There are 2 protein chains.
Amino acid sequence: MRVSAKADYAVRAAAELAAAEEGPIKGERLADAQDIPLQVLEHILLELKHAGIVRARRGAKGGYWLARPAEEVTIADVVRAVEGPIAHVQSAPPESIEYRGNAAHLQEVWIAVRASLRTVLEHVTLADLVSGQLPSEVESLAAQPDAWVAR
Amino acid sequence: MRVSAKADYAVRAAAELAAAEEGPIKGERLADAQDIPLQVLEHILLELKHAGIVRARRGAKGGYWLARPAEEVTIADVVRAVEGPIAHVQSAPPESIEYRGNAAHLQEVWIAVRASLRTVLEHVTLADLVSGQLPSEVESLAAQPDAWVAR
DNA sequence: GCGCTCCTGACCAAAAAGGTCAGGAAAGTC
DNA sequence: GACTTTCCTGACCTTTTTGGTCAGGAGCGC
């Protein structure tokens, strides 16, 4: 249940692209802005490109930009592009697992876990992230003082 | 963002203990009931014991049982015992991370992610799991047909 | 043609995941 | 007290993942 460096990097780079006023942004500038090793970032951007989230052009004046408007790209899109499906259990999607005995209802719990992750990740767009105007459900989750303490 | 085999095993074994009518249950019986490799399960039960979730006795008539009533042990307790903190980002708790530039608000998003996981994992007890009577918030997440389809 | 920037695969070390092996230590039974 | 049962623990193993580096090729613009 952890967020990998790769996913974190990918979202941060996407946020920078979402905020870009004009023209392609060089990988190096993204790496500097977010303190990400350039060569790592290049691999990530390549995956984002293969997933259809960003576009790129080489050469002078080249760089990366979002393939779609920032309002239409969610954090879930970005995370899935680099990490694969969200909330798999033992590398299988929760809807495909059958539990026995007294754990029979565990499937519903993992489904609920995935659904709750989705309510956050699929509802926050890159535009929301850049502006800081998160959707109200997400805002209210983050607003609870409890949410900020470790357990 | 995936659930490891270990966490899945731990919750399933805990569910079996929660359902036990009386006396200590042997590791072997738990392993059989949930189809878990015995030696793997023994390591997991040891961790659960160190976390104060189960107790154990050796010898004939020995076995494992819950240290507290099943109504007072949440799935979050069990998962944390074997996987460590929920929803860490790059191995650090989200409240300790500072983001720069256009990713500044990403911290709030990860906080919200953790909070949403907690609303599920900290509210479902082992007793709920065994009976199938999940808390209403969790039930309604799992009841959405959408929640059952992959993306 | 030349410099710039993306593109790609190979490679690497360290850690985690998932599991097995082997032996020791307590609790009960005869 | 010997013996059996069951938990306890560390060592070990293989495979995959993670996080990162290196080196060279391919397209774009001037």
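Every heavy atom of this structure was used, including side-chain atoms; hydrogens, water molecules and symmetry mates were not. A note on names: the letters A, B, ... follow the listed sequences, proteins ahead of strands, and every chain is numbered from 1. Just so we're clear, the structure is a prediction, and the values are computed from it rather than from any experiment.
Looking at heavy-atom distances under 4.0 Å, A:Arg55 makes no contact with the nucleic acid at all.
For A:Glu28, the CD atom sits in a loose shell: 12 or fewer heavy atoms of surrounding residues, nucleotides or ligands are nearer than 6.0 Å.
For B:Ile44 and D:dT9, the CD1 to P distance is 15 Å, given to the nearest whole Å. Between A:Leu41 atom CG and C:dC7 atom C1' the separation is 13 Å, expressed in whole Å. Atom C1' of nucleotide C:dG18 and atom CG of B:Asp35 are separated by 15 Å, given to the nearest angstrom. If you take CD of A:Glu47 and P of C:dC6, they are 16 Å apart, rounded to a whole angstrom. Atom NZ of A:Lys26 is separated from atom P of C:dC6 by 7 Å (rounded to the nearest Å). Rounded to a whole Å, the CG atom of B:Leu46 is 15 Å from the C1' atom of C:dG23. One atom, NZ of B:Lys6, and another, P of D:dT17, lie 17 Å apart when rounded to the nearest Å. If you take CZ of A:Arg2 and P of C:dA16, they are 8 Å apart, rounded to a whole angstrom.
By the 4.0 Å N-to-carboxylate-O rule, B:Arg2 lies too far from A:Glu83 to be salt-bridged with it. Electrostatic pairing of B:Arg29 and B:Glu16 does not count as a salt bridge here, judged by no charged N lying under 4.0 Å from a carboxylate O. For B:Lys49 and B:Glu42, the salt-bridge test fails: no basic side-chain N is under 4.0 Å from an acidic carboxylate O. Contact check on B:Arg114 versus A:Asp146 returns no salt bridge, with no Lys/Arg side-chain nitrogen under 4.0 Å from an Asp/Glu carboxylate oxygen.
Comparing the helix axis at one end of the helix from C:dG1-D:dC30 to C:dC30-D:dG1 with that at the other, each defined from 5 consecutive pairs, gives an inter-axis angle of 10° (nearest 10°).
B:Met1 is not listed as a side-chain neighbour of A:His88, based on a closest heavy-atom distance of 4.5 Å or more. Annotation: side chain of B:Tyr64 is not in contact with side chain of B:Ile25 (no heavy-atom distance under 4.5 Å).
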Query raised in the report: Is there a side-chain hydrogen bond (donor to acceptor under 3.5 Å, both in side chains) between A:Glu108 and A:His105 once you walk through the steps?
Result: CA-CA 6 Å; A:Glu108 290 161 57; A:His105 294 279; 2.9 Å; yes
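Nearer to the 5' terminus of DNA chain C, by closest-nucleotide assignment, is the contact made by A:Gly62 (compared with the other of B:Tyr9 and A:Gly62). Nearest-nucleotide assignment on DNA chain C puts the 5′-proximal partner with B:Ser91, out of B:Val40 and B:Ser91.
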N/O to N/O distances under 3.5 Å, protein versus nucleotides 23-30 of chain D:
{"residue": "D:dA26", "atom": "N3", "partner": "A:Arg58", "partner atom": "NH1", "Å": "3.2"}
{"residue": "D:dG27", "atom": "O4'", "partner": "A:Arg58", "partner atom": "NE", "Å": "3.4"}
{"residue": "D:dG27", "atom": "N2", "partner": "A:Gly59", "partner atom": "N", "Å": "3.1"}

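When every heavy atom of B:Glu122 is checked against every heavy atom of B:Thr74, the shortest pair comes out as O-CG2, 3.3 Å.
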